[in-house]
Amino acid sequence: MFLLTDAEVNIRKKTFTEVQTERLEQAEQTVLIKCPPKLNEKKLLQYLSSHGNINSHFFFENRGIHALIEFSEKDSVASLQDAIGIPSAAEHHVVPFKSRLFTFTLKNPVSQAAEETPVHLSPQCHIPVKELIQKLCNADDISSQMYILLNEYQLTEENIKLRFLACSLVRDFTRAYFPDSVVKPFGSSVNTFGKLGCDVDMFLDFHDIRKHTTTMKKGPFEMEYQMKRLPSERLATQKILSVIGDCLDNFGPGCTNIQKILNARCPLVKFSHQPTGFLCDLSVSNSIAIKSSELLYIYGCLDSRVRALVFSVRCWARVHGLTNSVPGTWITNFSLTMMIMFFLQKRSPPIIPTLDQLKELADKKDKHVIGGYDCSFVSDLSKIKPTKNTETLDVLLGDFFEYFGNFDFRKNSINLRKGKEVNKPESSPLYIWNPFEQDLNISKNVNQPQLEKFVAVARESAWILQKEDKTQRMINKEPWGLAALLIPFGKSNPSKMKNRMKGIGSETIRSLLDSLKLNNANSLEKAVGK
Ligand code: CTP
Ligand code: MG
């Protein structure tokens with residue numbers, strides 16, 4: 001059940017860049033068609049095939065039925081576009097932008113009804129946590145529970161196609177201004193840790209333009225474009241995003257709720273893309289963020305336990321309010337994932353290599369220096385030796401909670417480049433080194449109460465995994481193992497929880513205070529009544 005299909009194995013062996021390039025190309029050959037609830041799938045495909053060979057297709061529900069159709073060649077899209085009508089201006093006055101989003105209607109629904117059947121719909125969101133917990137309770141052991149969660153939550157092949165299509169549709173707009181620009185996804189859509197329903201982080205890339213400039217400079221003379229010069233790169237980014245944001249707002253079919261957040265550290269435009277159903281964050285080329293997506297991609301591909309552990313911990317963190325879908329003082333999924341990678345580097349033997357080790361394996365083509373930072377690391381997965389570590393996932397999950405439940409956050413920071421704790425360079429409660437921009441803390445936003453909450457819930461979870469009797473819980477028909485961790489504490493069995501807190505309360509709080517080495521230990525003890 002958990003074996004990778006051949007197609008997946010093939011995808012995994014490719015480098016991050018190869019996968020990205022292939023998927024972006026496929027997205028350019030793709031159209032999205034809104035369909036009636038019932039239709040004759042065969043006839044629709046037959047009609048579309050008259051414009052070219054169809055590589056793949058699927059149907060999904062998102063405010064009505066949609067079909068994603070991927071052709072084998074880009075010309076087929078143009079041929080189809082030529083044959084498609086423009087809505088009459090009788091009711092609405094339309095903006096005559098020809099996108100790759102179409103609506104398909106039956107001319108004579110009544111007479112055509114006999115041929116119509118409901119189509120198979122590919123799910124684009126994960127099952128609710130309640131349903132997940134029930135599934136987990138039927139598993140054999142905690143490791144299987146973790147793989148079940150991964151299977152239910154991870155992005156599907158279809159959902160990934162839809163994410164790349166959303167980027168490609170935005171590119172149709174950016175290309176109107178910058179013909180060489182590409183819009184690429186980054187973050188959890190591509191780093192192997194994305195969950196169904198997560199936002200699409202996309203960035204506008206002008207990379208090809210720069211490549212072009214370097215080749216031109218090789219000749220005996222120099223020619224360069226006359227370009228508008230601005231006092232800062234940030235200002236250029238803000239201007240570009242502002243115009244593209246307006247463009248999507250005014251002319252983009254199905255682009256709604258456009259919010260320009262141009263004064264953020266990393267300026268961006270947020271919008272919802274209704275045809276695909278995604279919330280999107282569009283920024284301008286951030287090479288370092290892409291490098292961290294690639295690094296996580298490599299870690300996620302190296303060993304099947306990595307993704308299983310990340311999905312379980314992310315889900316656990318969300319249930320307990322340790323992470324949140326809106327930005328704030330809590331730990332982000334990105335920071336949490338980095339903490340898990342660090343933990344896996346610290347196993348004996350390590351499950352994943354440190355960034356410095358990946359850098360040693362890099363060859364010439366892997367060399368990347370961005371803004372003065374050396375971001376080189378190996379891109380070819382086959383060069384990385386598989387780990388000798390054979391620990392099971394249940395051990396890793398329990399030890400993860402114990403490790404961070406006892407981590408000396410007051411003194412130490414988390415450094416994935418070295419794979420070891422380093423003295424904190426400044427006093428942020430949680431310090432995780434940006435692996436590439438070594439003077440940045442990726443978890444600077446986290447405040448002391450949020451960190452304390454994380455530590456307390458991690459300890460409670462370690463305790464549950466160690467102490468609870470699976471057989472007894474199964475007899476009582478209570479959630480066990482991972483399922484027990486996915487119910488907010490205090491809700492599953494309030495009276496039991498209270499007793500447990502009585503029994504271990506003082507011990508837990510004392511060791512919590514020890515590990516945090518709070519100065520105001522007395523006042524906290526008073527506050528909890530000990
Ligand atoms: N990023 C970064 N430094 C940060 C925050 C984010 O470099 N302090 C980069 C990372 O590459 C990250 C990407 O921006 O993957 C997108 O950020 P975000 O959407 O917050 O994280 P995701 O990894 O996409 O996770 P989620 O599923 O929560 O969206
Ligand atoms: Mg994201």
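Atoms within a ligand are numbered from 1 in the order they appear, just like the ligands themselves.
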inquiry  = Within the 3.5 Å criterion, strictly below it, is a donor on S272 or Q274 matched to an acceptor on the partner's side chain?
reply    = no
message = Please tell me whether T337 and R314 have a donor and an acceptor in their side chains that are separated by less than 3.5 angstrom.
response = yes
query = Do S143 and D141 have side-chain N/O donor and acceptor atoms under 3.5 Å apart?
reply = no
Distances for all N or O pairs of ligand 1 and the protein under 3.5 Å?
| unit_1 | atom_1 | unit_2 | atom_2 | d |
| --- | --- | --- | --- | --- |
| ligand 1 | 11 (O) | A289 | O | 3.0 |
| ligand 1 | 11 (O) | S292 | OG | 3.0 |
| ligand 1 | 19 (O) | D201 | OD1 | 3.3 |
| ligand 1 | 19 (O) | D201 | OD2 | 3.1 |
| ligand 1 | 24 (O) | S188 | N | 2.9 |
| ligand 1 | 24 (O) | S188 | OG | 3.2 |
| ligand 1 | 24 (O) | D201 | OD2 | 3.0 |
| ligand 1 | 27 (O) | S188 | OG | 2.9 |
| ligand 1 | 27 (O) | R314 | NH1 | 3.4 |
| ligand 1 | 28 (O) | N333 | ND2 | 3.0 |

message = A quick test of your reading: do over 12 heavy atoms of other residues, nucleotides or ligands sit less than 6.0 Å from NZ of K365?
response = yes
message = Need the atom name: nearest N/O/S atom of D201 to the Mg ion (ligand 2).
response = OD2
request  = Scan side-chain atoms only and decide if D356 and T354 contain a donor-acceptor pair under the 3.5 Å cut-off.
outcome  = no
Member of M339, K346, Q345 meeting the side chain to side chain contact (heavy atoms under 4.5 Å, CB included) criterion with I414 = M339
